[in-house]
Amino acid sequence: MTPSEAKNRIETLRSDLHRHNHNYYVLNSPEISDKEFDMMLKELEILENEFPQFSDPLSPTQRVGSDLSKGFEHVTHARPMMSLSNSYSIEEVDDWFLRIRKALEGESFEITGEMKFDGTSISLTYQNGELVRAVTRGDGTQGDDVTANVKTIRSIPLRLQPGDWPEEFEIRGEILMPWDVFEKLNAERAYNEEPLFANPRNAASGTLKMQDSREVAKRHLDACFYYLLSENLPAENHYDNMLAARKWGFKVSDSMRILHTIEDVNEYVNYWDIHRKELPVATDGLVFKVNSLRQQLNLGFTAKSPRWAIAFKFNPENACTQLRHVSFETGRMGIVTPVANLEPVLLSGTIVKRASLHNDDIIRQLDIHEGDWLYVEKGGEIIPKITGVELSKRQADAKRIQFVDKCPVCGSKLVRIFGEAAWCCPNHDGCRPQITGKIEHFCARRMMNIDGIGEETAEMLFDCGLVTHIADIYDLTKENLMSLERMGEKSAKRIIDGIEDSKSIPFERVIYALSIPNVGETTAKRLASAVKSMDNLLSMTEDQLTAIPDIGPIIAKCIFEYLRNPVNVDNISRLTIAGVKMSLSEEKLASKGDILAGKTIVISGTFTSHSRDEYKDIIEREGGKNAGSISKKTSFVLAGENMGPSKREKCEKLGIPMISETEFLNMVGRSDDSDHDGQGG
């Protein structure tokens with residue numbers, strides 16, 4: 001692969017992974033399976049290692065997904081909540097077991113096997129036997145304080161049973177929604193014509209973030225716990241600590257077992273691959289951990305996950321069901337997606353009626369005919385996916401499914417996107433789902449963050465003629481909002497307040513909110529940094545746009561054409577008049593230093609004076625470049641506490657200097673400010 005090809009692939013992967021992270025953690029609406037996400041992330045990691053010149057501190061490989069929400073206090077975790085590395089075959093688990101054996105240099109060890117419940121992660125802190133705080137996983141470094149909601153969950157002890165519990169400790173687990181509660185909740189939502197939850201994990205996560213704890217209590221959530229942390233633990237191994245936690249009043253899974261050999265591990269996997277379906281709550285795999293806490297400490301961590309643990313994901317369930325018909329749906333950017341409408345079939349505890357066929361090429365590859373019997377599976381037990389056709393059941397006179405040649409909504413003739421499998425409706429300014437999709441995107445949390453305007457409200461605003469272009473949002477009043485069906489004064493005020501607050505959203509997020517084709521969150525940030533203001537951007541030629549680092553000719557063409565559309569130009573003009581920020585802040589426009597010019601720096605470990613993100617900003621402001629992995633091109637590593645042994649070993653092998661936090665601050669002429677919270681990784 002050439003550097004140019006690698007760069008394009010890296011940009012595509014980053015954009016897709018950022019979107020999938022947002023869908024999964026924030027919107028609770030995943031589009032792909034965990035396995036598909038992990039495979040994409042792995043491909044990106046490999047490419048970034050092979051082509052370090054394209055490193056990016058904002059790459060999905062440098063962070064974990066986040067479920068942080070507006071409306072809750074954000075709390076920094078005393079110890080980062082890291083994710084586990086995933087495996088999808090017994091062979092991968094066996095390889096991990098052998099790596100542990102080798103790393104421990106022949107020392108005997110035990111493995112605990114336990115169920116991986118499919119819920120939403122939680123961290124509880126207890127002091128003197130009483131629950132004092134409950135925090136979601138968030139981005140791994142900080143999470144949302146949901147203590148009031150967690151207190152409504154009856155399986156979580158507010159006061160512990162008498163025992164040898166530490167004066168202060170943290171216990172981690174999963175908030176769950178049992179299958180029977182989930183099915184009842186979705187039945188009620190269907191009756192009220194409300195959107196259904198995709199799975200119990202989504203339902204549990206959404207419930208935990210509700211603002212009214214009385215409503216949370218009605219959802220009958222459950223919880224199960226899997227890890228205990230404290231400076232004064234009752235035992236020196238994980239298994240006995242969890243048994244102690246059970247005595248104190250915590251729900252700990254009965255599936256937890258001590259395993260000694262690879263054969264034990266394989267037997268455990270084979271058993272639960274069958275019997276997990278008998279459990280009252282959703283599961284998506286197993287977790288294996290080295291039992292000894294001392295050995296866990298010696299094995300250490302990678303940048304994102306502990307070496308002493310691994311998650312095993314079960315293969316997705318599949319079934320064969322008949323195709324009713326294929327519908328074609330137009331999205332925000334005009335892409336027309338075919339959807340298989342199926343005879344309902346039960347998969348992983350939920351009824352599957354629809355599955356995306358993605359594009360014309362997939363229909364052709366699968367060779368789908370009318371009335372075919374299709375194999376459908378739920379990747380990661382979430383998203384239904386068509387994997388094949390049962391040809392023996394095909395009717396002799398069945399016609400092949402043909403992709404539509406006109407937009408199913410506005411009737412415009414579709415055009416094929418150059419170099420892609422997608423067909424697109426070109427009527428970007430007059431096609432209803434494209435307009436309402438852009439309204440919804442503009443108002444979303446990571447864009448303009450206008451609370452209260454989601455899919456349904458965006459469609460209602462368009463249908464009522466109140467918003468036909470995104471700039472119309474700034475003409476809305478509380479009175480005309482209250483004229484909408486099911487829109488009360490409180491909801492209308494929330495939207496108006498959100499519109500006013502959006503005027504302070506930074507310029508780079510405004511660019512992202514505009515729905516410029518191929519301009520995702522990272523590209524928008526790079527673009528804003530380069531052009532400084534919307535006026536400058538509007539005046540640039542394609543060649544000038546292409547000259548911006550990381551803006552290739554395809555993206556440059558998309559930006560140039562978008563800004564030559566009179567409708568878009570008028571929108572931008574009206575947004576400017578409304579008070580939306582159309583230039584970088586003074587702080588970001590401040591001149592940069594050159595102390596680190598030409599240097600590529602890797603950050604590793606935990607810090608006391610500044611957070612990792614703050615150090616990345618300092619490096620960029622002083623002319624340096626952040627990199628996610630160590631290579632021969634690395635100038636030095638900013639090494640904090642708990643730097644991983646593998647990174648330290650690689651530095652020594654390549655002769656790369658490791659600079660301490662104090663040395664770095666002296667280098668860039670900044671004082672050691674210990675008021676900031678450090679972040680590990």
Decide yes or no on side chain to side chain contact (heavy atoms under 4.5 Å, CB included) for Ile548 and Val531, but give the supporting numbers first.
CA-CA 9 Å; Ile548 297 173; Val531 304; 4.0 Å; yes
Derivation of the side chain to side chain contact (heavy atoms under 4.5 Å, CB included) call for Ile551 and Thr523:
CA-CA 7 Å; Ile551 304 293; Thr523 303; 3.5 Å; yes
Check against side chain to side chain contact (heavy atoms under 4.5 Å, CB included), Val519 and Tyr562:
CA-CA 11 Å; Val519 175; Tyr562 179 93; over 6 Å; no
Please evaluate residues Arg574 and Tyr474 with respect to the criterion side chain to side chain contact (heavy atoms under 4.5 Å, CB included), reporting the C-alpha separation (whole Å), side-chain torsions for both, the decisive distance (0.1 Å), and the verdict.
CA-CA 9 Å; Arg574 291 176 59 202; Tyr474 292 86; over 6 Å; no
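Within the 4.5 Å cutoff, no side-chain heavy atoms of Lys650 are placed close to those of Thr634. Side-chain contact between Glu11 and Ile555 is present, with at least one heavy-atom pair separated by less than 4.5 Å. The closest side-chain heavy-atom distance from Thr136 to Thr120 is not below 4.5 Å. Phe507 has its side chain out of reach of Lys532: every pair of non-hydrogen atoms, C-beta onward, lies at least 4.5 Å apart. Inter-residue side-chain proximity for Pro306 and Leu84 is flagged as met; some heavy-atom pair is nearer than 4.5 Å. The side-chain heavy atoms of Ile601 and Ile659, taken from C-beta on, include no pair separated by under 4.5 Å. At least one side-chain heavy atom of Ile603 sits under 4.5 Å from a side-chain heavy atom of Ile619. Counting only heavy atoms from C-beta outward, the side chains of Met40 and Leu44 never approach each other to under 4.5 Å.
Remark: side-chain polar atoms of Ser15 are not paired, donor with acceptor, to backbone N or O of Thr12 under 3.5 angstrom. A donor-acceptor pair under 3.5 Å is absent between the side-chain atoms of Asn359 and the main chain of Ala422, judged by distance alone. Of the possible polar contacts, none joining the Ser631 side chain to the Asn49 backbone as a donor-acceptor pair under 3.5 Å is found. Side-chain atoms of Thr546 never come within 3.5 Å of backbone atoms of Pro553 as a donor-acceptor pair (strictly under, hydrogens ignored). Checked by atom type and distance alone, the side chain of His77 pairs as donor or acceptor with a backbone atom of Arg137 at under 3.5 Å. The main-chain N or O of Gln434 is never found under 3.5 Å from a side-chain atom of Arg332 such that the two would form a donor-acceptor pair. Remark: side-chain polar atoms of Asn427 are not paired, donor with acceptor, to backbone N or O of Ser412 under 3.5 angstrom. Between the Ser635 side chain and the Thr600 main chain, a donor and an acceptor come within less than 3.5 Å of each other. Counting only distance, with no hydrogens or angles, the side chain of Ser205 and the backbone of Asn202 share no donor-acceptor pair below 3.5 Å. No donor-acceptor pair closer than 3.5 Å links the side chain of Ser529 to the backbone N or O of Lys525.
Contact between Pro426 and Lys413 at its shortest, heavy atoms only, is CD-O, 3.3 Å. Considering every non-hydrogen atom in both Ala556 and Glu542, the closest pair reads CB-O, 3.9 Å. Closest heavy-atom contact between Leu17 and Phe37: CD2-CE1, 3.5 Å. Summarising the geometry of Thr337 relative to Ser356, their closest heavy-atom pair is CG2-OG, 3.6 Å, with the distance given to 0.1 Å. Of all the heavy atoms in Val336 and Phe403, the pair that sits closest is O-CZ, 3.5 Å. Heavy-atom minimum distance, Thr468 versus Phe462: CA-CD1, 4.0 Å.
Within the model, atoms CE of Met333 and NE2 of His428 stand 7.5 Å from one another, a figure rounded to the nearest 0.5 Å. In this structure, CD1 in Ile495 is found 5.0 Å from CD1 in Ile453, a value given to the nearest 0.5 Å. Taking CD1 of Ile618 as the reference point, atom CE of Met667 lies at 12.5 Å (rounded to 0.5 Å). In this structure, the separation between CG on Leu537 and CD1 on Ile572 is 7.5 Å, given to the nearest 0.5 Å. One finds the CE atom of Met82 at 5.5 Å from the OG1 atom of Thr302 (value rounded to the nearest 0.5 Å). Summarising the geometry, atom NE2 belonging to His441 is positioned 9.5 Å from atom NZ belonging to Lys438; distances are rounded to the nearest 0.5 Å.
Residues passing the side-chain contact (heavy atoms from CB on, under 4.5 Å) test with Val567, sequence neighbours excluded: Asp429, His469, Asn565, Asn571. Listed by chain and number, the residues in a side-chain contact (heavy atoms from CB on, under 4.5 Å) with Cys558 are Pro517, Asn518 (sequence neighbours excluded). Glu561 is linked by a side-chain contact (heavy atoms from CB on, under 4.5 Å) to Lys557, counting only residues two or more places apart in sequence or in another chain.
Counting heavy-atom neighbours within 6.0 Å of Lys581 NZ, excluding the residue itself, gives a total of 12 or less. No more than 12 heavy atoms of other residues, nucleotides or ligands sit less than 6.0 Å from atom NZ of Lys42.
Contact check on Arg14 versus Glu48 returns a salt bridge, with a Lys/Arg side-chain nitrogen under 4.0 Å from an Asp/Glu carboxylate oxygen. Salt-bridge annotation for Asp361 and Arg416: present, with a side-chain N of the basic residue lying under 4.0 Å from a carboxylate O of the acidic one.
A perpendicular orientation is assigned to the rings of Phe664 and Tyr615, their planes being inclined by more than 60° (bins at 30° and 60°).
Side-chain contact check for Asp145 and His74: no donor-acceptor pair (N or O, by modelled atom type) lies under 3.5 Å.
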